[in-house]
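Read through the structure below, which is laid out as structure tokens, and then see the notes.
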Amino acid sequence: MPDREMPTMPKSPAALVDRFRAILDRYPDAQQRQMFGYPAAFVGGNMATSLFADRWIVRLPADEVDGAKAAGADDFEPMPGRSMKGFVAVPADDVGDDARIAGWVERGLAVAAAMPAKQPKKAPKKK
């Protein structure tokens with residue numbers, strides 16, 4: 001089998017990572033951790049928002065995605081041509097505005113909080 005070239009996943013700009021952390025620090029119920037090398041925030045084990053390269057991603061209910069796209073959000077496509085359902089990329093202008101990014105983040109946190117909490121996976125038994 002020939003070797004396949006793995007897709008590159010560019011790092012998020014340091015300023016965007018700092019902004020993400022500063023905004024999410026306002027929400028103590030959100031657990032911050034890394035997901036595929038990017039900062040992300042979870043509620044009940046469900047991802048609410050994260051960064052991906054130079055984009056800020058937010059989870060939305062399916063019935064709000066079209067409205068969000070009409071307001072300037074983009075499909076979130078971690079791989080070109082494969083959009084991830086229920087997630088959008090926040091408009092770049094909204095990321096720099098405290099009130100607007102807070103609105104996006106709060107929507108994502110509310111969606112994640114409304115989902116059933118995920119149970120932690122048990123560690124495999126050592127032999």
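In this chain, numbering begins with 1 at the start of the sequence shown.
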Item to complete: Could you name each residue pair satisfying salt bridge (charged side-chain N to carboxylate O under 4.0 Å, His left out) that touches residues 36-45, not counting sequence neighbours?
Response: none
Worksheet item: With sequence neighbours left out, what residues match A73 under side chain to side chain contact (heavy atoms under 4.5 Å, CB included)?
Response: A68, V88, P91, W104
Item to complete: Spell out, yes or no, whether V58 and V111 are grouped together once hydrophobic residues are joined by side-chain heavy atoms under 4.5 Å, including indirect joins.
Response: no
Worksheet item: How would you list all residue pairs meeting side chain to side chain donor-acceptor pair (under 3.5 Å) that involve residues 57-67, not counting sequence neighbours?
Response: E64-R107
Worksheet item: If you round to the nearest 0.5 Å, how far is CG of D25 from CD of Q32?
Response: 5.0 Å
Worksheet, complete the sentence: All heavy atoms of V90 vs all of I101, minimum pair found to be CG1-CD1, 4.0 Å
Response to the item:
Residue pairs passing the side chain to side chain donor-acceptor pair (under 3.5 Å) test with at least one member in residues 37-49, sequence neighbours excluded, are T49-W56
Fill in: Selection residues 64-103 - residue pairs positive for ring pair (Phe, Tyr, Trp, His ring centres under 6.0 Å), sequence neighbours left out
F52-F76
Response to the item:
side chain to side chain donor-acceptor pair (under 3.5 Å) filter on K69, not counting sequence neighbours, yields D75
Worksheet item: Shortest non-hydrogen contact from G45 to R33?
Response: O-NH2, 4.4 Å
Worksheet entry | Which residues share a side chain to side chain donor-acceptor pair (under 3.5 Å) with D54, sequence neighbours left out | none
Worksheet item: If you round to the nearest 0.5 Å, how far is CD of Q34 from OG of S50?
Response: 10.0 Å
Response to the item:
Sorted by chain and residue number, the salt bridge (Lys or Arg N to Asp or Glu O under 4.0 Å) partners of D97 (sequence neighbours excluded) come out as R100
Discussion item. For Q31, give me all partners under side chain to side chain donor-acceptor pair (under 3.5 Å), at least two apart in sequence or on another chain.
Written reply: none
Worksheet item: Is there a side chain to side chain contact (heavy atoms under 4.5 Å, CB included) between V95 and L16 once you walk through the steps?
Response: CA-CA 9 Å; V95 172; L16 183 59; 3.7 Å; yes
Item to complete: Name all residues meeting the side chain to side chain donor-acceptor pair (under 3.5 Å) criterion together with R26; count only those two or more places apart in sequence or in a different chain, and write none if there are none.
Response: none
Response to the item:
Between M47 and A40, the two heavy atoms sitting closest are SD-CB, 4.1 Å
Worksheet, complete the sentence: Residues at least two apart in sequence or cross-chain that pass side chain to side chain contact (heavy atoms under 4.5 Å, CB included) with A117, listed by chain then number, are none
Fill in: Minimal non-hydrogen separation, A30 against L24, with atom names
CB-CD1, 4.0 Å
Worksheet item: Can you check whether A53's main-chain N or O pairs, donor with acceptor, with S12's side chain at less than 3.5 Å?
Response: yes
Practice prompt. Consider only side-chain heavy atoms of I, L, V, M, F, W and Y, link residues closer than 4.5 Å, and tell whether V17 and Y27 are in one cluster.
Written response: yes
Item to complete: Any pair with a residue in residues 11-21 that passes salt bridge (charged side-chain N to carboxylate O under 4.0 Å, His left out), sequence neighbours left out, goes on the list, sorted by first then second residue, please.
Response: R19-D98
